[in-house]
Amino acid sequence: QVQLVESGGGLVQAGDSLRLSCVASGRTSVAYSMGWFRQAPGKEREFVAAQTWDSGVTHYATSVKGRFTISRNNAENTVYLQMNNLKLEDTAVYYCAADVVTQDIRAGRPDYWGNGTQVTVSS
């Protein structure tokens, strides 16, 4: 079992930057791929980004490519999501996810989920 706890959300203005963190605990000896999802009010949860355990392969949703960067520090069991040039449509609850299979994260069916952190972008 792996527990995921997100932090770093908040209220920012359009154009600002924010960095989310997700700390994993529990069975962290396994080489998990990590990812981020988000869910806006009234919408389905959507994939944002994912990265393999060795950081060798990274995937992004088209809507965030060039603005968001996923990275990780395996020594600290932490994955980050650097979000730059935030837009109103980035407002959502952001969730961290983990799975040994990266494709399962991209498909929206990771084994583990965090509880989410709220990001609100105002004009």
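Predicted, not measured: the structure shown is a model, and the values here were computed from it. All residue numbers in this chain count up from 1 along the given sequence.
In this structure, CD in Gln82 is found 8.0 Å from CG in Leu18, a value given to the nearest 0.5 Å. To the nearest 0.5 Å, the span separating CZ on Phe47 from OG1 on Thr62 amounts to 10.0 Å. Taking CZ of Arg106 as the start and OG of Ser33 as the end, the distance is 11.0 Å to the nearest 0.5 Å. If you take SG on Cys22 and CZ on Arg72, they are separated by 9.5 Å, rounding to the nearest 0.5 Å. Taking OG from Ser123 and CG from Leu88, the interatomic distance works out to 5.5 Å, rounded to the nearest 0.5 Å. To the nearest 0.5 Å, atoms CG (Asn74) and CG (Asn77) are separated by 7.5 Å.
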Review point. Where do Asn84 and Ser17 land on the side chain to side chain donor-acceptor pair (under 3.5 Å) test, with the steps shown first?
Key: CA-CA 4 Å; Asn84 297 330; Ser17 297; 2.9 Å; yes
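By the 30° and 60° cut-offs, the orientation of the rings of Trp113 relative to Tyr95 is perpendicular.
Under the rule for a salt bridge (Lys or Arg N to Asp or Glu O under 4.0 Å), the partners of Glu46 that lie at least two apart in sequence or sit in another chain are Arg38. By the ring pair (Phe, Tyr, Trp, His ring centres under 6.0 Å) test, Tyr80 pairs with no residue at all, sequence neighbours left out. The side chain to side chain donor-acceptor pair (under 3.5 Å) search around Arg27 returns none, not counting sequence neighbours.
The closest side-chain heavy-atom distance from Asp90 to Val119 is not below 4.5 Å. No side-chain heavy atom of Val79 sits under 4.5 Å from any side-chain heavy atom of Leu81. Counting heavy atoms from C-beta outward, Gln118 and Thr91 have side chains that approach closer than 4.5 Å. Within the 4.5 Å cutoff, no side-chain heavy atoms of Pro110 are placed close to those of Tyr32. Tyr60 places a side-chain heavy atom less than 4.5 Å from the side chain of Thr69. Residues Ile70 and Thr58 meet the side-chain proximity criterion, which asks for heavy atoms closer than 4.5 Å. Counting heavy atoms from C-beta outward, Leu4 and Met34 have side chains that approach closer than 4.5 Å.
Although no hydrogens or angles enter the test, the distance criterion places a donor-acceptor pair under 3.5 Å between the side chain of Thr52 and the main chain of Val57. In this structure, Glu6 contributes its side chain and Asn115 its backbone to a donor-acceptor pair below 3.5 Å.
No more than 12 heavy atoms of other residues, nucleotides or ligands sit less than 6.0 Å from atom CD of Gln1.
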